[in-house]
Amino acid sequence: MKKPVIGILMGSDSDYEVMREAARSLQEFGIEFEMLVSSAHRSPQRTLEYAANARERGIRAFIVGAGAAAHLAGVVASKTTLPVIAVPIDSTSMKGLDALLATVQMPGGIPVASMAIGKAGAKNAGLFAVQLLAATDADLAARLDASRTVMAEGVAEKSERLQQRLSADGLA
Ligand code: RP5
């Protein structure tokens, strides 16, 4: 079994549906990861120990999702100098704006890279982690380039289908 190089952390199992998108991005590029629940507020000791011990276990970056008064990414960052990529989760009536503001307003000296709120943010967090690893892995960088090409082709195909809809609607 391969060793995980990315640690995906979330504040509650209720965050899983969003954070699964990060796992999917990593899986697409064959990046090994581990995923666990740990809370900045409900299990602070577990969170601090995980962050402190991760580097020696082979982890090279963290993806951290939390909602509400989202302190998890910042707490992880306080115990490691590995990169921390945060995903604000839309789990309250404030629809993730609370988590976004709590996440991005880190004090100078302890950086956290925050993605967008929700599933797009989680997807990009996974891709961002791949990009970090690709900085020293030419094969991985080439596969990222290829995925961008496929994405661009997909946009062109959508445009083509749009022409067909325009025509069907009698607008072209
Ligand atoms: C946060 O509180 C978690 O990250 C989650 O987004 C939110 C709600 O958690 P649960 O009450 O669903 O466990 O800490």
Side-chain angles (χ1 to χ4, degrees), residues 1-135 140 144 147-148 151:
M1 204 174 84
K2 285 190 185 169
K3 279 174 63 172
V5 293
I6 302 295
I8 304 179
L9 214 60
M10 65 202 82
S12 172
D13 58 351
S14 61
D15 299 324
Y16 172 67
E17 206 180 309
V18 171
M19 295 307 289
R20 185 169 56 189
E21 299 303 318
R24 284 179 170 147
S25 291
L26 295 173
Q27 187 186 52
E28 184 185 342
F29 289 92
I31 305 299
E32 299 292 326
F33 61 88
E34 62 189 13
M35 183 183 262
L36 60 146
V37 175
S38 194
S39 168
H41 307 121
R42 293 167 174 159
S43 63
Q45 203 55 41
R46 170 179 162 81
T47 299
L48 292 170
E49 279 169 19
Y50 177 70
N53 299 330
R55 185 191 290 273
E56 67 194 34
R57 294 177 40 253
I59 296 297
R60 293 174 61 189
F62 299 94
I63 297 173
V64 182
H71 295 131
L72 187 57
V75 167
V76 170
S78 76
K79 287 298 270 187
T80 181
T81 54
L82 290 171
V84 177
I85 309 161
V87 182
I89 308 249
D90 42 339
S91 57
T92 75
S93 54
M94 297 183 77
K95 301 190 189 313
L97 188 57
D98 44 359
L100 174 68
L101 295 178
T103 300
V104 298
Q105 294 290 24
M106 288 297 292
I110 307 292
V112 164
S114 181
M115 300 291 119
I117 297 167
K119 286 186 178 177
K123 178 177 183 172
N124 280 347
L127 291 173
F128 196 81
V130 176
Q131 290 179 191
L132 282 177
L133 299 173
L140 197 51
L144 278 165
S147 79
R148 292 282 179 98
M151 199 186 308

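Basis for what follows: all heavy atoms, side chains included, without hydrogens, waters or symmetry-related copies. Counting convention: from 1, in listed order, for ligands and their atoms alike. Please read all numbers here as calculations on a predicted model, not as lab measurements.
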Under 3.5 Å donor-acceptor, N124 side chain and G121 backbone: no
Intermediate values then yes/no, side-chain contact (heavy atoms from CB on, under 4.5 Å), L144 and Q131: CA-CA 8 Å; L144 278 165; Q131 290 179 191; 3.8 Å; yes
Approximate separation, where rounding is to 0.5 Å, of L36 CG and M10 CE: 7.5 Å
Side-chain (R46) to main-chain (V37) donor-acceptor, under 3.5 angstrom: yes
Any N/O pair S39/ligand 1 closer than 3.5 Å: no
Enumerated ligand 1 atoms positioned under 4.0 Å from heavy atoms of S14: 9 (O), 10 (P), 12 (O)
S25 side chain vs K123 backbone, donor-acceptor pair below 3.5 Å: yes
pair I59-P4: side-chain heavy atoms closer than 4.5 Å: yes
Atom indices of ligand 1, in the order listed, that fall short of 4.0 Å to a heavy atom of S91: 5 (C), 6 (O), 7 (C)
Numbered atoms of ligand 1 (with element) below 4.0 Å of A66, judged on heavy atoms: 4 (O)
R42: numbered ligand 1 atoms lying under 4.0 Å from its heavy atoms: 9 (O), 10 (P), 11 (O), 13 (O)
Within-cut-off N or O pair, G67 and ligand 1, under 3.5 Å: yes
Atom 10 (P) of ligand 1 - nearest protein heavy atom and its distance: S12 OG, 3.4 Å
Within-shell test, M10 vs ligand 1, heavy atom, strictly < 4.0 Å: no
Shortest protein contact, atom 4 (O) of ligand 1 (heavy atom only): D15 OD2, 2.6 Å
Worked check of salt bridge (Lys or Arg N to Asp or Glu O under 4.0 Å) between E49 and K79: CA-CA 8 Å; E49 279 169 19; K79 287 298 270 187; over 6 Å; no
